[in-house]
Number of protein chains: 2
Amino acid sequence: MAETPGGESLLFLTDEQLRKGIEAMFFAYRGFTADPDRILEGMDYGRAHHRAIHFIHRSPGTTVSNLLSILGVTKQSLNRVLRTLIEDGLVRSEKGKVDARERHLHLTDKGQMLERELSDAQRARMRAAYRAAGPQAVAGFRQVLEAMMDPEMRRQYNRLKEGG
Amino acid sequence: MAETPGGESLLFLTDEQLRKGIEAMFFAYRGFTADPDRILEGMDYGRAHHRAIHFIHRSPGTTVSNLLSILGVTKQSLNRVLRTLIEDGLVRSEKGKVDARERHLHLTDKGQMLERELSDAQRARMRAAYRAAGPQAVAGFRQVLEAMMDPEMRRQYNRLKEGG
DNA sequence: TTGGAAAGTCAACAAGGCTGACGTAAATTC
DNA sequence: GAATTTACGTCAGCCTTGTTGACTTTCCAA
């Protein structure tokens, strides 16, 4: 049995173990998005709207270009989503005071309500999973996910962590 | 500080911790799909083709309806993907011998080659993440993901685990 | 004052989901 | 043996969400 200098088994690095991890990601991500998707269906919104709402809530006053780099989509794609959210009165866009080219984004009260509904549902599932797995498993979960990110994504993720 | 009867801290269940987990899932999933996406762009294929190829490789001879229940899409959607894979000679479809209504799916040699290329890339990232996080973190990672799945998805996941 | 960055818009397109309707062959049930 | 159900395929049309390309407006900063 393969052992590292430190003595840990390397069996967790077999192709079979890696494949299980890949499939776990696939199935778990479905669960991860299932509840918000269910809430949004019927409204005119989808997962893209959820993501925008989440990160605007997370960083109130964020600019469009900051949101673009977090979401990793084109401005045309994001703009379509933002426009409907602004028209429907969920998001408020205001010109920057120091730099008037920028648009600072905030959730309205109505936007806050939808955000709350969506994140309550998503957190409920996450909470149940965390509770079932326990604190040590959760720490490992986060470690592996962080290691799986592209460096640029990890930078974004950590910037959010600190900021909050 | 909140403590369970067992004595573990419950701080890992705060909304803040849950939010970090949610964002970690979002950013990590991007990394998870990035390498195969890069390989497939330029070919006429996308993520949907990758998923079909993965699970046909995983369960050679599987039927269309079995694949449907694993992927959770409509037959029209899956059919569009399968048709191109069959036309391009990556997948072979053959009538069932015991039940001739069924179509059993296999990867051709050409299909195996693409599968290998895709899964090598995806496993490389997963392996790096596993190695960086260590075996105990990996165990926790899998525990949390399993707990996050819908029961039906968990059933599918476990059926695959055993079968492999 | 002018170059370039930030933001927005229009048009066109593609992938990949979806529903509904219909057809065919084979298995199952009555 | 007839009727029904199951497995699969296909056509048509729609939606969301991503893409590129071209263009305009605004406005900061060198």
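Given the structure is predicted, the values throughout are model-derived calculations rather than measurements. So that the names make sense, note that chain A is the first sequence line, chain B the second, and so on, each numbered from 1.
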- [ ] List the steps, then state whether ring pair (Phe, Tyr, Trp, His ring centres under 6.0 Å) holds for B:F32 with B:F27.
- [x] CA-CA 9 Å; B:F32 174 68; B:F27 288 116; over 10 Å; no
TODO: State whether A:H49 places a side-chain N or O below 4.0 Å from either non-bridging phosphate oxygen (OP1 or OP2) of D:dT17.
DONE: yes
- [ ] Nearest 0.5 Å please: distance from the CD1 atom of A:I53 over to the CD atom of A:E117.
- [x] 10.5 Å
- [ ] Ignoring hydrogens and angles, state whether a donor on the side chain of A:E23 or B:H54 is under 3.5 Å from an acceptor on the partner side chain.
- [x] yes
TODO: State plainly whether one hydrophobic cluster holds both B:L10 and A:F141, where clusters connect Ile, Leu, Val, Met, Phe, Trp and Tyr through side-chain heavy atoms under 4.5 angstrom apart.
DONE: yes
Task: Inter-residue atom distance A:Q76.CD - A:L68.CG, 0.5 Å rounding - done: 9.0 Å
Open item on the list: Pair A:R123, A:D35 - check salt bridge (Lys or Arg N to Asp or Glu O under 4.0 Å), show working.
Closed with: CA-CA 10 Å; A:R123 274 202 304 268; A:D35 303 315; over 6 Å; no
Open item on the list: Going 5' to 3' along DNA chain C, which are the first and last nucleotides with any atom under 4.0 Å from a heavy atom of chain B?
Closed with: C:dG16 to C:dA27
Task: For DNA chain D, the residues among residues 93-106 of chain B that have a non-hydrogen atom under 4.0 Å from it - done: B:R101, B:E102, B:R103
Task: DNA chain C contacts among residues 60-84 of chain A, heavy-atom distance under 4.0 Å - done: A:T63, A:V64, A:S65, A:K75, A:Q76, A:N79, A:R83
Task: Donor + acceptor pair across side chains of B:H49, B:T84 (<3.5 Å) - done: yes
TODO: Determine the sole option in A:R47, A:H50, A:R30 for which the side-chain hydrogen bond (donor to acceptor under 3.5 Å, both in side chains) test with A:D37 is passed.
DONE: A:R47
Open item on the list: Determine whether a donor-acceptor pair (N or O, by modelled atom type, separation under 3.5 Å) exists between the side chain of B:N79 and the backbone of B:K75.
Closed with: no
Open item on the list: Check the orientation of B:F12 and A:Y130. Use parallel for under 30°, tilted for 30 to 60°, and perpendicular for over 60°.
Closed with: parallel
